[in-house]
A.B. asks: 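Got a structure here, written out as structure tokens. Questions coming.
We name chains A, B, ... by the order of the sequence lines, and we start the count at 1 in each one. Heavy atoms only: backbone and side chains are in, while hydrogens, waters and symmetry mates are out. Keep in mind it's a predicted model, so treat the numbers as computed, not measured.
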Amino acid sequence: MPTQDMLGREVHVDDEGFLTEYDEWDEKLGAELAKNIGVAMTDEHWKVITFLRTDYKSQGTTATTRRVDAVGGFPVKLQFQLFPAKPAKKMAYIAGLPKPAGCV
Amino acid sequence: MANTQPIVPNFGSESTGRKMAIICSKGNLDMAYPGLILGNAALGEGVEVHLFFTFWGFDMIHKKRQKKLKFSPVGNFAMHLPIGGIRMPQWLAWIPGMQPFATWYLQHEINKLQVPEVPDFLDQISASGGHLWGCKMSADMNKLTMKDLREDVEGIITAADFIEMTDGAQVLFI
């Protein structure tokens, strides 16, 4: 598993650049990850990311867009507005989580 | 050794230019799902998606009927019993009450995976920017109009309209 230097510390990532260690993430790093993929973070973005982090901790898997809507209460339409074109992957990347594994 | 150059996933541009057309021609509960799952997945990957509902698939966008799609194990030789994984004998598929039970059971298993029921799934597809179209011939045959269909159906169109509209798209027939 490669590591890379981000904000002066070494973090573990997979071949695509998704963080692999839950505890290596913090908000500063999240902001940096968002910058990497051109997402300008607002309070609304952070609320979604916080939900994903909390949900992952209790479920052990990354929430799909469906779950972010049904359980998190963030409508799919909003997710597409905040994280255009590929919301599931972009949210997971910024939240320092693996890509969601569910089909729906 | 830490990489100096950060690895950043390639999410492509906001518009992938990729277009997909899914023809949903079946109205049984089990056959309603493949098109919805693939269409939803494609939308999540930034693909422009058009769903065209025709023949029995027309029930999927009918306001009332879309809530009552059924599943039957009759003629389905890949149907296995929930216990032991034994293939269901066809004489059992015909017994009274099997169709409602099988419908309930299939929906129950789908719900367990947190996959939405058909009307909610179409809501999600529509909210994700998917386009829904009804087939003109199916509407005429069933004497149905836009009034009978979900609000988010964009129109009832002919086969030729559909072909024109999906120029350059990848087409899936289900």
A.B. asks: Are Val8(B) and Leu29(A) linked, directly or through intermediate hydrophobic residues, by side-chain heavy-atom contacts shorter than 4.5 Å (ILVMFWY only)?
C.D. replies: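 Result: yes, single cluster for both.
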A.B. asks: Applying a criterion of heavy atom separation less than 4.5 Å, what residues of residues 28-41 of chain B form contacts with chain A?
C.D. replies: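 The stretch touches chain A at Ile37(B), Asn40(B).
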A.B. asks: Do any of residues 116-153 of chain B have a heavy atom less than 4.5 Å from a heavy atom of chain A, and if so, which, in residue order?
C.D. replies: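 Result: Pro116(B), Asp120(B), Phe121(B), Gln124(B), Ala127(B), Ser128(B).
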A.B. asks: Is there a chain of hydrophobic side chains (I, L, V, M, F, W, Y, each step under 4.5 Å between heavy atoms) that links Trp46(A) to Tyr22(A)?
C.D. replies: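 Hydrophobic grouping puts Trp46(A) with Tyr22(A).
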A.B. asks: I'd like to verify something: which residue of Lys77(A), Glu16(A), Met6(A), Arg66(A) has the highest number of heavy-atom pairs under 4.5 Å with chain B?
C.D. replies: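 It is Arg66(A).
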A.B. asks: For Gly17(A) versus Pro9(B), what's the shortest heavy-atom pair and its separation?
C.D. replies: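 So the two residues come closest at CA-CD, 4.4 Å.
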A.B. asks: For the interface with chain B, which of Arg67(A), Lys86(A), Lys89(A) has the highest count of heavy-atom pairs at distances below 4.5 Å?
C.D. replies: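 Max contact count across the listed options: Lys86(A).
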A.B. asks: Can you tell me which portion of Asp14(A) sits under 4.5 Å from chain B's heavy atoms? Options are side chain, backbone, both or neither.
C.D. replies: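 Only the backbone of Asp14(A) comes within 4.5 Å of chain B.
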A.B. asks: According to a hydrophobic-cluster definition based on side-chain heavy atoms being under 4.5 Å apart (Ile, Leu, Val, Met, Phe, Trp, Tyr only), do Phe77(B) and Trp91(B) belong together?
C.D. replies: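 No, because Phe77(B) and Trp91(B) fall into different hydrophobic clusters, even though each may have its own neighbours under 4.5 Å.
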A.B. asks: Can you get from Val104(A) to Phe83(A) by hopping between Ile, Leu, Val, Met, Phe, Trp and Tyr side chains that sit under 4.5 Å apart?
C.D. replies: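 No.
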A.B. asks: Any idea which heavy atoms bring Ile7(B) and Tyr93(A) closest together, and the distance?
C.D. replies: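 Ile7(B) and Tyr93(A) have their closest heavy atoms at O-OH, 4.2 Å.
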A.B. asks: When clusters are formed by joining ILVMFWY residues with side-chain heavy atoms under 4.5 Å apart, either directly or through shared neighbours, do Leu43(B) and Met165(B) land in the same one?
C.D. replies: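 Shared cluster, no.
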A.B. asks: With a 6.0 Å cut-off (strictly less than), is the heavy-atom count around CH2 of Trp56(B), excluding the residue itself, greater than 12?
C.D. replies: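 Result for CH2/Trp56(B): open.
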